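Have a look at the structure below before the remarks.
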Amino acid sequence: IPTPGSYLEGDDSPIVRFQQYLRINTAHPNPNYIPAVSFLKTQALSISLQTRVLEFTPKKPVLLLTWSGSNPSLPSVLFNSHMDSVPAEPEKWLHPPFSAFKSPDGKIYARGAQDDKCIAIQYLEAIRNLKARNFRPTRTIHISYVPDEEVGGFDGAAKFVGSKEFKELNVGFVLDEGQASITDMYRVFYADRSPWELIIKAKGDPGHGSKMYDNSAMENLMKSVEAVREFRESQFDKVKAGIALNSEVISVNPVYVKAGIPSSSGFMMNMQPSEAEAGFDCRLPPTTDPDLLKKRIAEQWAPSIRNITYQIIEKGPIKDHNGRPLMTRTDESNPWWSAFTQAIAAVGGKLGRPEILSSTTDSRFIRQLGIPALGFSPMTNTPILLHDHNEFLQDKVFLKGIEVYESIMISLSSFLKDLDESTPLNG
Ligand SMILES: CSCC[C@H](NC=O)C(=O)O
Ligand SMILES: [Zn+2]
Ligand SMILES: [Zn+2]
């Protein structure tokens with residue numbers, strides 16, 4: 001297996017460059033961004049892009065690439081990709097997750113193959129091809145490579161979009177990652193669900209394990225868990241009945257429970273603990289009324305009358321600075337949307353109905369500024385394997401994606417319809 005950066009005879013192909021990038025291990029919990037930035041920077045310089053490394057947090061660089069347009073006073077277009085990936089359990093994979101092994105039928109296996117190192121390289125390859133054809137954009141095109149998306153983006157995209165450097169880019173529209181599609185239609189996302197972490201803590205009376213009594217911490221916690229479970233079922237039932245998509249309901253999933261008095265071999269089984277807690281991952285669609293959910297938590301899931309306390313950690317906004325939900329418009333009122341859909345059609349692509357993303361990406365920080373952003377990763381006929389074992393991408397799908405981005409870059413960087421500043425493109 002060649003190491004990243006080793007450049008053998010015959011290695012000059014988009015697939016090989018994709019594999020080289022995939023071999024750079026940027027998985028949590030200790031992503032090393034330095035080799036990733038250096039690899040991407042080398043690629044960018046080879047196609048004469050301007051490069052800048054911004055460091056808002058030590059060891060968490062943002063790499064910014066720029067292809068100047070012929071009319072740099074127009075709002076620019078930004079293509080974003082995160083450099084980190086989630087961890088992998090190598091023993092559960094068919095091929096080592098950082099080998100970028102290509103099977104005889106052209107599947108490239110690696111952590112990050114879909115999420116989202118594919119788009120990182122596709123952006124560059126699209127520019128390489130456009131430059132080879134002497135295309136010159138009218139609007140300026142930027143690419144950003146950001147750290148830490150998988151852990152919330154707070155030291156990455158959040159700081160970047162809040163910076164004066166970002167402001168100076170005069171970004172009019174952003175494309176960020178999306179998700180694979182199992183059909184022949186591309187998927188596009190106009191909103192993310194907003195993440196809340198909910199921690200419910202119960203207190204209660206301690207006692208001998210043999211004794212039945214009211215108001216133990218575990219009993220109090222179990223009542224909370226049951227209340228959450230009922231709500232979860234009400235939401236999931238809508239999905240099962242086909243009334244709503246997964247990403248259109250509020251999800252609440254238990255992710256840990258913590259209780260018990262430790263013993264030498266595990267837990268003291270004859271002691272009922274005086275404290276117990278549980279953690280939940282909640283995701284709120286952009287139209288959710290957060291106050292209603294807070295009321296439900298306070299009154300039904302975690303009432304103080306049952307000796308329960310709770311903490312909500314909001315990991316992202318759900319409204320923009322004007323109080324509008326963080327949704328990018330997908331109709332003709334948004335000229336970027338029209339330019340995007342035309343670009344897909346121009347390469348023979350079919351687009352599915354725009355969706356809300358079930359999970360959460362850096363796009364929320366962009367939309368919070370009132371800047372329109374779409375989530376899009378050009379992968380059709382591909383199983384959805386983000387965060388899964390044996391994540392892979394088919395070579396032909398990857399190559400088609402480059403062509404798609406060429407079309408998108410042409411279209412987005414060159415449409416000249418006036419953008420009326422007073423028309424909101426989100427909300
Ligand atoms: C707290 S924001 C976390 C962002 C993360 N993104 C990808 O999986 C997610 O869990 O959706
Ligand atoms: Zn991602
Ligand atoms: Zn991810």
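Whatever order the structure lists them in is the order used to number ligands and atoms, beginning at 1. Because the structure is predicted, anything quoted here is derived from the model rather than measured.
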Does either side chain, that of Asn71 or that of Thr138, offer a donor lying less than 3.5 Å from an acceptor on the other one? no

Using the Zn ion (ligand 3) as the apex, give the angle to atoms OE2 (Glu150) and OD2 (Asp115), rounded to 10 degrees. 90°

Atoms of ligand 1 less than 4.0 Å from Glu150 heavy atoms? 6 (N), 7 (C), 8 (O)

Within the stated cut-off of 2.8 Å, is an N/O/S atom of His82 closer than that to the Zn ion (ligand 3)? no

Taking atom CD1 of Ile305 as the centre, does the number of heavy atoms from other residues, nucleotides or ligands within less than 6.0 Å exceed 12? no

Just to check, does Arg364 reach to within less than 4.0 Å of ligand 1 when the distance is taken from its heavy atoms? yes

For ligand 1, which atoms, with element, lie under 4.0 Å from some heavy atom of Lys315? 1 (C)

Closest approach of any protein heavy atom to atom 4 (C) of ligand 1, naming residue and atom: Thr360 O, 3.5 Å

Which atoms of ligand 1 sit under 4.0 Å from any heavy atom of Pro195? 1 (C), 2 (S)

Is Lys107 salt-bridged to Asp395, going by a charged N under 4.0 Å from an acidic O? no

In terms of residue, atom name and distance, what is the protein heavy atom nearest to atom 11 (O) of ligand 1? Arg283 NH1, 2.8 Å

Quick check on the 6.0 Å ring-centre criterion: do Phe173 and Phe340 meet it? no

Under the 6.0 Å and 45° cation-pi test, does Lys60 pair with Phe56? no

For the Zn ion (ligand 3), the closest N/O/S atom belonging to His387: NE2

If you scan protein heavy atoms around atom 8 (O) of ligand 1, the nearest is His387 CE1, 3.1 Å

Any salt bridge linking Glu168 with Lys164? Criterion: basic side-chain nitrogen under 4.0 Å from a carboxylate oxygen. no

Just by distance, do the side chain of Arg52 and the backbone of Leu65 share a donor-acceptor pair under 3.5 Å? no

Glu149 heavy atoms, cut-off 4.0 Å: which ligand 1 atoms fall inside? 4 (C), 6 (N), 7 (C)

If the cut-off is 2.8 Å, does any N/O/S atom of Glu177 fall short of it from the Zn ion (ligand 2)? yes

When you check the gap from the basic side-chain N to the acidic O, do Lys159 and Asp155 get nearer than 4.0 Å? yes

